[in-house]
Student: 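Quick one: structure below, then a few questions.
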Amino acid sequence: MNWGYISALWSTLLLNCIQPVNMKACLQVQDWLFPAIGDYIRFKTEEPYASEKRAIKHFRLDGGRAEP
């Protein structure tokens with residue numbers, strides 16, 4: 001793991017979640033942590049926006065046969 005990721009996690013998540021006004025949102029882990037883990041796993045196996053690129057390629061008039 002990169003130190004930049006750890007630093008970003010510390011500064012955005014941990015420091016913001018210890019503030020009383022944010023605690024209610026941070027405690028609902030099932031709403032933000034599990035989807036983030038799923039996104040991380042998906043982005044490890046394919047590039048970001050790959051599904052959007054496939055959808056655009058599918059809906060082109062030429063069926064995606066010609067290169068743009």
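Note that the numbering runs from 1 along the sequence shown for the chain. Remember, it's a predicted structure, so these values are computed and weren't measured experimentally.
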Student: Is it the case that one hydrophobic cluster holds both I37 and V29, taking links as side-chain heavy atoms less than 4.5 Å apart, direct or via other members?
Tutor: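 Yes: a chain of side-chain contacts under 4.5 Å links I37 to V29.
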Student: Can you name the closest pair of heavy atoms from N16 and N22 and give their distance?
Tutor: O-ND2, 2.9 Å
Student: Is it true that E46 and R54 have a side-chain N and a carboxylate O under 4.0 angstrom from each other?
Tutor: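 Salt bridge: yes.
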Student: Please find the pair of heavy atoms, one from Y49 and one from F43, that lie closest to each other, and give the distance.
Tutor: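 For Y49 versus F43, the nearest heavy atoms are N-CE2, 4.5 Å.
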Student: So, taking the atom named CG in L13 and the one named SG in C26, what distance separates them when rounded to the nearest 0.5 Å?
Tutor: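 It is 6.0 Å, given to the nearest 0.5 Å.
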Student: Are I41 and W32 grouped together when hydrophobic residues (ILVMFWY) are joined by side-chain heavy atoms under 4.5 angstrom apart?
Tutor: yes
Student: Over all heavy atoms of both residues, which pair between Q30 and P35 is shortest? Give the atoms and the distance, please.
Tutor: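 The answer is O-CD, 3.7 Å.
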